[in-house]
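Have a look at the structure below before the remarks.
As the structure is a computational prediction, the values presented were derived from the model and not from experiment.
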Amino acid sequence: MYKPKYFKIKELVNPEILKKVPENTLWQMFDDRLLMSADIIREKCGVLIINTGTLTDCGVRDWTSTTGAKYSAHKFFRALDGHIQSIEKQYAGNKAEKIKAYNKVRETLMADPRLDCLNFENKSKEYPNGIPWLHFDTYNRPNRLFSA
């Protein structure tokens with residue numbers, strides 16, 4: 001069982017789940033590769049925010065959540081949506097530039113062999129022009145850079 005250096009369980013799991021499931025059990029449910037990758041991304045990119053404040057579904061989502069896909073990797077402890085603090089501050093209010101910045105980050109991270117286990121989603125049905133945050137997951141699918 002891997003516990004990340006930079007993240008506490010409350011930053012990775014929806015608060016409603018935290019009320020129902022013991023912390024140690026939650027850690028055991030995560031894909032270790034996802035947690036190790038989150039630490040690597042944090043070291044490469046600086047402060048990476050998952051769940052904090054109004055962000056509650058960027059980590060593990062409750063099964064009743066209507067955020068994202070019905071069988072989202074987030075509901076299986078295999079996906080995180082990271083918000084890189086420096087990008088968020090620099091491009092606040094400029095969605096197009098924020099998407100470009102995150103696409104550059106995706107490109108850099110995909111070149112790191114330690115992150116070969118990750119898929120990086122850059123588009124979705126809700127965001128056909130680009131996702132303005134860093135989605136990464138360990139779902140078993142054919143493409144590392146996935147467009148819905």
Problem - 4.5 Å side-chain heavy-atom contact, Glu43 and Tyr6 - result: yes
Exercise for the section: Rounded to the nearest 0.5 Å, what's the gap from CG on Asn103 to CG on Leu145? Could you check? Expected result: 8.0 Å
Exercise for the section: Measure the shortest side-chain to side-chain distance between Tyr127 and Ile99 over non-hydrogen atoms and say whether it is less than 4.5 angstrom. Expected result: no
Exercise for the section: Please identify each residue that fulfils side chain to side chain contact (heavy atoms under 4.5 Å, CB included) with Gln90, with sequence neighbours left out. Expected result: none
Exercise for the section: Indicate yes or no: does Lys100 engage Glu97 in a salt bridge with an N to O separation below 4.0 Å. Expected result: yes
Fill in the blank from the handout: Smallest heavy-atom separation, Trp27 atom then Ile9 atom, equals CZ2-N, 3.5 Å
Problem - Lys75 (side chain) donor-acceptor with Lys70 (main chain) under 3.5 angstrom - result: yes
Exercise for the section: Would you give the length of the straight line joining atom CG of Leu115 to atom SG of Cys117, rounded to the nearest 0.5 angstrom? Expected result: 6.5 Å
Problem - Close side-chain approach of Leu12 to Pro4, heavy-atom, < 4.5 Å - result: yes
Practice task
Output yes when Arg106 and Glu121 qualify as a salt bridge under the 4.0 Å nitrogen-oxygen rule, no when they do not.
Solution key: no
Handout entry: Neighbour count >12 (heavy atoms, 6.0 Å) for atom NZ, Lys3
Key = yes
Practice task
Answer yes or no: is there a side-chain heavy-atom contact under 4.5 Å between Ile41 and Leu118?
Solution key: yes
Practice task
Enter the distance from Thr52:OG1 to Glu11:CD here, rounded to the nearest 0.5 Å.
Solution key: 7.0 Å
Practice task
Determine whether Arg78 and Thr138 make a side-chain contact, defined as any pair of heavy atoms from C-beta on separated by less than 4.5 Å.
Solution key: yes
Problem - Residue pair Glu126 / Ile131, side-chain heavy-atom distance below 4.5 Å - result: no
Handout entry: Minimum-distance pair of heavy atoms, taken over all atoms of Ala73 and Asp137
Key = CB-CB, 4.2 Å
Problem - OG1 on Thr56 to CG on Asn51, rounded to 0.5 Å - result: 6.0 Å
Exercise for the section: Please work out whether the ring planes of His83 and Trp133 are parallel, tilted or perpendicular, with thresholds of 30° and 60°. Expected result: tilted
Practice task
Keeping the roles fixed (side chain from His74, backbone from Val60), state whether a donor-acceptor pair exists under 3.5 Å.
Solution key: no
Exercise for the section: Measure across Ser72 and Arg61 and return the closest heavy-atom pair with its distance rounded to 0.1 Å. Expected result: OG-NH1, 3.5 Å
Exercise for the section: Any chance you could measure Asn119, atom CG, to His135, atom NE2, to the nearest 0.5 Å? Expected result: 7.0 Å
Handout entry: Verdict with reasoning, Asp62 to Lys20, per side-chain contact (heavy atoms from CB on, under 4.5 Å)
Key = CA-CA 10 Å; Asp62 192 83; Lys20 302 173 194 172; 3.1 Å; yes
Practice task
Treat each ILVMFWY residue as a node, draw an edge where side-chain heavy atoms are under 4.5 Å apart, and state whether Val21 and Val13 are in one component.
Solution key: yes
Problem - Lys19 and Glu16 ion-paired at < 4.0 Å - result: yes
Exercise for the section: Determine the minimum heavy-atom distance between Leu18 and Lys10, stating which atoms define it. Expected result: CD1-CA, 3.7 Å
Handout entry: Co-members of Phe76 in a cluster of I, L, V, M, F, W and Y side chains, linked at under 4.5 Å
Key = Trp63, Tyr71, Tyr139
Problem - Any Leu109 side-chain heavy atom under 4.5 Å of Leu134 side chain - result: yes
Handout entry: Where at least one partner belongs to residues 41-60, residue pairs that pass ring-ring contact (aromatic ring centres under 6.0 Å, His included), sequence neighbours excluded
Key = none
Handout entry: Shortest non-hydrogen contact between Leu80 and Ala38, atoms and distance
Key = CD1-CB, 4.0 Å
Practice task
For residues Leu48 and Ile84, determine if any side-chain heavy atom of one lies less than 4.5 Å from a side-chain heavy atom of the other.
Solution key: yes
Exercise for the section: Is it possible for you to say whether Ile49 and Phe30 belong to one hydrophobic cluster, with membership spreading through side-chain heavy-atom contacts below 4.5 Å? Expected result: no
Practice task
Answer yes or no: is there a donor N or O on one side and an acceptor on the other, between the side chain of Arg114 and the main chain of Ile40, under 3.5 Å?
Solution key: no
Problem - Ring geometry between Phe136 and Phe120 (parallel below 30°, tilted from 30 to 60°, perpendicular above 60°) - result: tilted
Problem - Whether Asp32 side chain and Tyr2 backbone form a donor-acceptor pair below 3.5 Å - result: yes
Exercise for the section: Return yes when atom CG of Asp116 has more than 12 non-hydrogen atoms of other residues, nucleotides or ligands closer than 6.0 Å, and no otherwise. Expected result: yes
Practice task
Over all heavy atoms of both residues, which pair between Pro132 and Lys98 is shortest? Give the atoms and the distance, please.
Solution key: O-CD, 3.4 Å
Exercise for the section: Start with the C-alpha gap between Leu26 and Phe77, add the side-chain angles, then the distance that decides, and say whether side-chain contact (heavy atoms from CB on, under 4.5 Å) holds. Expected result: CA-CA 9 Å; Leu26 291 170; Phe77 292 76; 3.8 Å; yes
Exercise for the section: Please determine if Asp39 and Lys5 form a salt bridge, counting it only when a charged side-chain N lies under 4.0 Å from a carboxylate O. Expected result: no
